[in-house]
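Quick one: structure below, then a few questions.
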Number of protein chains: 2
Amino acid sequence: MNIGQVSKATGVSQRMIRHYEGIGLMPSPDRRDNGYRDYPSRSVERLRFIANARDLGFSVDEIGALLSLWDDRERASSEVKAIALVHAEELARKAAALEAMRGTLLELVAGCSGDARPDCPILAGLAEERQRSPQELTVAHRRPKEVM
Amino acid sequence: MNIGQVSKATGVSQRMIRHYEGIGLMPSPDRRDNGYRDYPSRSVERLRFIANARDLGFSVDEIGALLSLWDDRERASSEVKAIALVHAEELARKAAALEAMRGTLLELVAGCSGDARPDCPILAGLAEERQRSPQELTVAHRRPKEVM
DNA sequence: ATTGACCCTGACATGATGTGAAGGTCCATG
DNA sequence: CATGGACCTTCACATCATGTCAGGGTCAAT
């Protein structure tokens, strides 16, 4: 299969298919005499795997780990489950962080008359010194596609 | 004040202070004869404003809008409130998206025995074709610091 | 042979932020 | 005065996933 066909079959852009090859998530396919990439139909499945995992917010590293487990017919399903559960917690943590932001913002909003007068506790609150969220508690991570 | 003092007073890195100047969120300060930036103490307040707004997940554009409202002594507080409420909804939407991912993932997890056997519905589920999340419904946006 | 659809590589852009280099300045101490 | 350390300057590169564009080759059908 040519890259265009694979792209259509999976919904993954040609750009990203090549990118996944570059970063090692997809194996380098054979090349035809003209230099075109020639994919086995198996590649469609693997790309779907990657795309689905990305849609679920897994990082590239996590996807790599899942793929090597996928490639390993002998691995225990508990290994997979462990990764999935860690990731689920991470998702919960991030969702909670967003909700916390929202809560803080709504507190500010609650004090604001929202009429034609110019005084506004939202702006006043933003200008105040406040404890910055301590980075030690957070894990920098990738942003799930389209969510942020 | 030198940039180092401002940085310490606000917790914003020198790098980012210069960056905010570059993108127009902070006005270009006077320069001393030696070329050093010389900040009025007022800048500390403005930088705190920016930092707090960032911590609440506002985009640079939104912060710019809030700052110009802040600079405008005559503006109605309703304008500020409107921006804040739109942003609060956005935060809620993103949090919900993360929770939805988590739900999908936990569905897969639920089917997995998590023992030493190799068959795993999580991996099988990831390899399956499924509807990709439709982008039309989502708004590409910035990632709140440290959350993602 | 031309045309349109396909493929190739490589490069630039996004956005917030860090890091590092290369160089000037200021001040305190010897 | 000289030296060192702490400070400042600008510029550039890296991150990460993704898009897009440019310049150039290929294939298939007319």
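Just so we're on the same page: letters track the sequence lines, and every chain starts at 1.
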Just by protein heavy atoms under 4.0 Å, how would nucleotides 1-9 of chain C read 5' to 3' in B, S and -?
-> -----BSSB
Enumerate donor-acceptor pairs with a distance under 3.5 Å from any side-chain N or O in residues 1-9 of chain A to protein atoms, sequence neighbours excluded.
residue : atom : partner : partner atom : Å
A/Asn2  : OD1  : A/Arg32 : NH2          : 2.3
A/Gln5  : OE1  : A/Asn2  : N            : 2.8
A/Ser7  : OG   : A/Val12 : O            : 2.7

Cationic N near anionic O, under 4.0 Å, A/Glu99 to A/Arg102 =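 Salt bridge: yes.
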Whole-Å gap separating C1' (C/dG24) and CG (B/Asp33) = 14 Å
Are side-chain N/O atoms of A/Ser59 and A/Asp61 paired as donor and acceptor at under 3.5 Å?
-> no
Should A/Arg46 and A/Asp71 count as an ion pair when the cut-off is N to O under 4.0 Å?
-> yes
Enumerate all atom pairs, one protein N or O and one N or O from nucleotides 10-14 of chain C, separated by less than 3.5 Å.
none

Could you give the CD1-to-C1' distance, from B/Ile17 to D/dC7, as a whole number of Å?
->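 Result: 14 Å.
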Compare side-chain N and O positions of B/Arg54 against OP1 and OP2 of C/dT17 and report whether any pair is under 4.0 Å apart.
->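 For B/Arg54, the contact criterion (side-chain N or O under 4.0 Å from OP1 or OP2 of C/dT17) is met.
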Tell me: NE2 of A/His19 to P of D/dC16, nearest whole Å?
->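 Between P of D/dC16 and NE2 of A/His19: 9 Å.
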Step through the shown structure and confirm whether more than 12 heavy atoms of other residues, nucleotides or ligands are within 6.0 Å of CZ on A/Arg31.
->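 Count over threshold, so yes.
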Backbone N/O of A/Leu105 and side chain of B/His87: donor-acceptor pair under 3.5 Å | no
D/dG19 phosphate, OP1 or OP2, under 4.0 Å from A/Ser13 side-chain N/O | yes
May I ask you to decide if A/Asp115's main-chain N or O and B/Ser77's side chain share a donor-acceptor pair within less than 3.5 Å?
->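 Yes; at least one donor-acceptor contact below 3.5 Å.
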Ignoring backbone atoms, test whether B/Tyr20 places a side-chain nitrogen or oxygen under 4.0 Å from the OP1 or OP2 oxygen of C/dG15.
-> no
May I have the distance from B/Glu62 (atom CD) to C/dG15 (atom P), rounded to whole angstrom?
-> 14 Å
Electrostatic pair A/Arg93:A/Glu89 at N-O distance under 4.0 angstrom = no
